[in-house]
Amino acid sequence: TASGEISINPYGGNVGIGTSSPASSFGDTTLDVTASSGDASLSLKADGNKAFEISSRGGDVLLYDLSGRDLVFGTNGFARMRVESGGNVGIGTTNPASILEISKDDQTNGATLSITNSFEGAGWASGDNIGSIDFRIDDGSANEKVRGKIRVFDDASGSSTFPASNAMSFSTAKTDT
């Protein structure tokens, strides 16, 4: 149109809403939704009801299902991760039983959750933390938010380029047990 609110380029395959020159960072064909001020959203609707929305609001990028359904992410035609409408997240499962469930059907290798410290360089010293899992409580108390911890650390480094002797501690309320 003359105002540039909707632009369709039949030769390039691009469609613009709110822009007269739609462009993409990822390929040759795009749907470009541009807001001249405020927020921009793309809504997908079924039967006139808003069902799914991708929005740019207040500096965040949001993906919303507005009909109480699960969000499913997939590759190669298979579901790989699910965020249930109630908030549970499942990786490798379609029915997560807890806040985060990781599942893999592999008797030989099992399911692995990796915590990686990617520090590269010299200077590993005894006591340096390699990784940890904190069990926290958010009850408004000013201290003792970490109620339990599983920690892997360098116990007695004999090398300056990697932690040579690792130890694991299990602790509750800041006291190793």
Side-chain angles (χ1 to χ4, degrees), residues 1-10 12-104 111-121 128-152 174:
T1 66
S3 65
E5 293 177 3
I6 297 177
S7 173
I8 300 174
N9 182 348
N14 295 330
V15 175
I17 300 173
T19 180
S20 59
S21 54
S24 172
S25 301
F26 300 107
D28 296 330
T29 304
T30 188
L31 170 60
D32 185 344
V33 179
T34 302
S36 59
S37 64
D39 304 321
S41 296
L42 174 64
S43 295
L44 303 177
K45 298 179 180 184
D47 298 326
N49 297 314
K50 195 182 297 185
F52 182 77
E53 185 173 288
I54 302 170
S55 298
S56 172
R57 292 189 191 154
D60 293 328
V61 175
L62 309 171
L63 300 174
Y64 278 119
D65 172 75
L66 302 167
S67 301
R69 297 171 302 174
D70 297 350
L71 290 178
V72 178
F73 299 85
T75 61
N76 204 27
F78 295 98
R80 305 296 183 184
M81 184 173 85
R82 175 178 300 269
V83 179
E84 289 187 324
S85 62
N88 287 354
V89 176
I91 300 173
T93 180
T94 59
N95 190 21
S98 59
I99 292 171
L100 174 62
E101 182 175 346
I102 300 170
S103 178
K104 183 177 180 186
T112 301
L113 172 64
S114 297
I115 299 174
T116 302
N117 182 330
S118 59
F119 172 74
E120 292 183 23
D128 283 350
N129 193 35
I130 296 167
S132 65
I133 299 172
D134 291 346
F135 298 89
R136 300 176 52 87
I137 190 166
D138 189 11
D139 63 359
S141 64
N143 52 20
E144 297 295 335
K145 295 237 185 242
V146 176
R147 302 297 172 99
K149 180 183 287 245
I150 301 172
R151 178 177 171 236
V152 176
K174 295 187 177 180

Roughly how far apart are [X] [atom1] and [Y] [atom2], rounded to 0.5 Å?
X: Leu63; Y: Phe52; atom1: CG; atom2: CZ; result: 5.0 Å
X: Ile91; Y: Phe73; atom1: CD1; atom2: CZ; result: 11.0 Å
X: Ile130; Y: Arg151; atom1: CD1; atom2: CZ; result: 9.0 Å
X: Phe135; Y: Ile150; atom1: CZ; atom2: CD1; result: 4.0 Å
X: Ile133; Y: Leu113; atom1: CD1; atom2: CG; result: 6.5 Å
X: Glu84; Y: Ile99; atom1: CD; atom2: CD1; result: 12.0 Å

Of all heavy-atom pairs between [X] and [Y], which one has the smallest distance, and what is that distance?
X: Ala97; Y: Asn88; answer: C-ND2, 3.9 Å
X: Ser132; Y: Asp134; answer: OG-OD1, 3.7 Å
X: Glu53; Y: Ser55; answer: OE2-OG, 2.7 Å

Does [X] use its side chain to pair, donor to acceptor, with the backbone of [Y] at less than 3.5 Å?
X: Arg82; Y: Gly90; answer: no
X: Asp70; Y: Ser85; answer: yes
X: Asn117; Y: Phe119; answer: yes

Can you tell me if Ile115 has over 12 outside heavy atoms packed within less than 6.0 Å of its CD1?
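For Ile115, atom CD1 is crowded (more than 12 foreign heavy atoms under 6.0 Å).
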
Set of residues satisfying side chain to side chain donor-acceptor pair (under 3.5 Å) with respect to Thr112, sequence neighbours excluded
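So Thr112 forms no side chain to side chain donor-acceptor pair (under 3.5 Å) with any residue.
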
